[in-house]
J.: 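Pasting in a structure now, in structure tokens, and then I'll have a few things to ask.
Note: hydrogens, waters and symmetry copies are ignored here, and every other heavy atom, side chains too, is used. Everything numeric in this text was worked out from a predicted model, so none of it was measured.
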Number of protein chains: 2
Amino acid sequence: MILSTQRNQSGSKRKENEALIITAAEKIFADMGYAGATMQQIADAAGLPKANLHYYFPTKEILYRNVIDKIFNLWLEAADIFDAAEGPKDGLSSYIDAKLESSRHFPNGSKVWANEVIQGAPIIQDYLESKLTAWTHSKAEIIEMWIAKGLMDPINPKTLLYFIWSATQHYADFQHQIRTLNNNSDLTEAQWREVKEDIKKLVLKGLGVKQVSECPTISDE
Amino acid sequence: MILSTQRNQSGSKRKENEALIITAAEKIFADMGYAGATMQQIADAAGLPKANLHYYFPTKEILYRNVIDKIFNLWLEAADIFDAAEGPKDGLSSYIDAKLESSRHFPNGSKVWANEVIQGAPIIQDYLESKLTAWTHSKAEIIEMWIAKGLMDPINPKTLLYFIWSATQHYADFQHQIRTLNNNSDLTEAQWREVKEDIKKLVLKGLGVKQVSECPTISDE
DNA sequence: GTCTATAGTCCGATAGAC
DNA sequence: GTCTATCGGACTATAGAC
């Protein structure tokens, strides 16, 4: 009993600190790159001494892999929408919405992923070859089914997926460039809404999918 | 006379070595990131002793800025097509072609740029604020003119530019991921042609621009 | 202009006290 | 489980011979 309680206490303390460190690491890795990030910077961002990081994550690389793991699982979840959809109009626009929301509110994960892939995925190649490959094939099948049913124009499904990934992740990865070109201000709520509508409209119309429900806003303006 | 000859000789030798070093640096910075790249790796890739790099480029940062400079000028050149175009059908499809060719044949420059912007442009912020801002505004004006003339649907010009940048640069920056999802093979000539056609078709149709000349290929297949 | 040898700095990781 | 102090290695940059 006592042991169990102790285990719970230390277990939750461990989980708490691990989550704290991973969140701090995500930001530092996004801002500095893997090699550029230092354990000291991550420790400062987490408000812990550097040695504690090594207590929870023995090496920098293991910490990094844990950050990637969190990012990748969020990515997979966002795509459940895809499977549940009735057709491309519903599925693609929900997926674009979800990806843009993720770019807006959690840009750091996307940045870490992009940095890693640009450099040839030296550390997370196994993710690409196992999980991402399987995921991509399953989504490609759905797109092919939609095409076969005549719900949208024919297109290489991977080209379409890359298209959506790049258009949406751009708003996370190139956040700084977009901000600079927007008079050094973050996009406003209205600008985000406009981006979402523009991208969905362009993709759905470009694919020959019938337009999103013809009255987009609820009421005013 | 003699002095002038000597100056030419040493001048061309200097230019030669500088170009050699910049090309090597571009690859190493793309593969390793700024912090991850070492002067030793760049020296090895250029086939020179490390001290010679410091002779031509006093510091790592100065070398890096020279790499960025080359990349950015190529980017600007690729966009001259834009200004010369009659309308969106011509201008956008030429621009997409040019950007995809650049992604295919010179991916390293795009990767270095992406890495830098993801990390908040710590070193080349002045480029974003001066050159890129001016460039973007001039292209946005052209797009707005096309819209005003009724040649394409209304869209925020910046959203359209980001769209094209992301879709095309994705094939450079995420080259490794695309290769992995393509059975660990680079895209073939035929696959590149398909990607180009798919992207142009999607963008032009999505924007309500009249379709690309209705018989795309010259002959066979 | 070229190259070797090294100075000086910073970082990942750990030992060991609490 | 927490933290300080430090080791050992790697890197940028330079001094100085050729």
Side-chain angles (χ1 to χ4, degrees), chain A residues 2-22 24-29 31-68 112 115-116 119 122-123, chain B residues 2-22 24-29 31-68 115 119 122-123:
Chain A
I2 291 166
L3 268 176
S4 153
T5 306
Q6 284 179 336
R7 205 180 299 134
N8 278 342
Q9 281 177 344
S10 45
S12 65
K13 178 88 183 202
R14 171 168 276 271
K15 286 218 158 119
E16 212 174 273
N17 277 341
E18 281 177 355
L20 189 69
I21 293 167
I22 286 180
E26 193 173 278
K27 173 159 180 50
I28 302 297
F29 282 133
D31 287 350
M32 314 300 291
Y34 176 71
T38 70
M39 295 297 271
Q40 187 62 62
Q41 286 173 315
I42 297 171
D44 291 348
L48 292 172
K50 190 178 65 153
N52 290 31
L53 268 62
H54 283 101
Y55 174 72
Y56 288 108
F57 303 95
T59 68
K60 187 181 179 183
E61 183 174 326
I62 290 173
L63 172 55
Y64 183 72
R65 288 187 65 94
N66 273 272
V67 170
I68 294 275
V112 175
N115 250 322
E116 170 72 8
Q119 291 169 26
I123 298 184
Chain B
I2 289 168
L3 267 176
S4 151
T5 305
Q6 285 179 336
R7 205 181 299 134
N8 278 343
Q9 280 176 345
S10 47
S12 66
K13 179 90 185 198
R14 172 168 274 273
K15 285 216 157 118
E16 213 173 272
N17 276 342
E18 282 178 356
L20 189 69
I21 293 168
I22 286 180
E26 193 174 278
K27 176 163 178 46
I28 302 297
F29 282 133
D31 287 351
M32 315 300 292
Y34 176 71
T38 70
M39 295 298 270
Q40 187 63 62
Q41 287 173 313
I42 296 170
D44 291 347
L48 293 171
K50 191 179 64 154
N52 289 29
L53 267 62
H54 282 100
Y55 175 72
Y56 288 108
F57 302 96
T59 69
K60 186 182 178 182
E61 182 173 325
I62 290 172
L63 172 55
Y64 183 71
R65 287 188 67 93
N66 273 272
V67 170
I68 294 275
N115 249 321
Q119 292 168 26
I123 298 185

J.: Any idea how A:Tyr34 and A:Phe29 line up, ring-wise: parallel (<30°), tilted (30 to 60°), or perpendicular (>60°)?
T.: parallel

J.: Who are the side chain to side chain contact (heavy atoms under 4.5 Å, CB included) partners of A:Asn52, not counting sequence neighbours?
T.: A:Leu48, A:Pro49

J.: Under the salt bridge (Lys or Arg N to Asp or Glu O under 4.0 Å) test, which residues partner A:Lys60, sequence neighbours left out?
T.: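 Not a single residue meets the salt bridge (Lys or Arg N to Asp or Glu O under 4.0 Å) criterion with A:Lys60.
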
J.: Within the sub-3.5 Å range, which N or O atoms of nucleotides 10-14 of chain C have a protein N or O partner, and how far apart are they?
T.:
| unit_1 | atom_1 | unit_2 | atom_2 | d |
| --- | --- | --- | --- | --- |
| C:dG12 | OP1 | A:Ala37 | O | 3.2 |
| C:dG12 | OP1 | A:Lys60 | NZ | 3.1 |
| C:dG12 | OP2 | A:Met39 | N | 2.9 |
| C:dG12 | N7 | A:Lys50 | NZ | 3.1 |
| C:dA13 | OP2 | A:His54 | NE2 | 3.2 |
| C:dA13 | OP2 | A:Lys60 | N | 2.9 |
| C:dA13 | N6 | A:Lys50 | NZ | 2.6 |

J.: Could you tell me the separation between the OH atom of B:Tyr55 and the P atom of C:dG1, rounded to a whole number of Å?
T.: 3 Å

J.: When we call it a touch if two heavy atoms are under 4.0 Å apart, what does A:Tyr56 touch: a base, just sugar-phosphate, or nothing?
T.: sugar-phosphate

J.: Whole-Å distance between D:dT12 P and B:Phe57 CZ?
T.: 16 Å

J.: Within this structure, what is the CG-to-P distance between B:Asn17 and C:dC3, rounded to whole angstrom?
T.: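 In whole Å, C:dC3 P lies 9 Å from B:Asn17 CG.
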
J.: If I take atom NZ in residue A:Lys13 and atom P in nucleotide D:dG1, what distance separates them, rounded to the nearest angstrom?
T.: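 Taking atom P of D:dG1 as the reference, NZ of A:Lys13 is at 9 Å.
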
J.: Roughly how many Å is it from CD1 in B:Ile21 to C1' in C:dG1, rounded to a whole number?
T.: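 Whole-Å distance recorded here is 12 Å.
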
J.: A:Phe57: what forms a ring-ring contact (aromatic ring centres under 6.0 Å, His included) with it, not counting sequence neighbours?
T.: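 Partners of A:Phe57 by the ring-ring contact (aromatic ring centres under 6.0 Å, His included) criterion come out as none, since no residue qualifies.
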
J.: Restricting to ring-ring contact (aromatic ring centres under 6.0 Å, His included), what partner residues turn up for A:Tyr56, sequence neighbours left out?
T.: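 Residues passing ring-ring contact (aromatic ring centres under 6.0 Å, His included) with A:Tyr56: none at all.
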
J.: What is the distance, rounded to the nearest whole Å, between atom CG of B:Leu20 and atom C1' of C:dG1?
T.: 15 Å

J.: Which whole-number value in Å describes the distance from B:Ile28 CD1 to D:dC11 P?
T.: 13 Å

J.: Using the salt bridge (Lys or Arg N to Asp or Glu O under 4.0 Å) criterion, which residues pair with B:Glu61? Sequence neighbours excluded.
T.: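 In terms of salt bridge (Lys or Arg N to Asp or Glu O under 4.0 Å), with neighbours along the sequence ignored, B:Glu61 is linked to no residue.
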
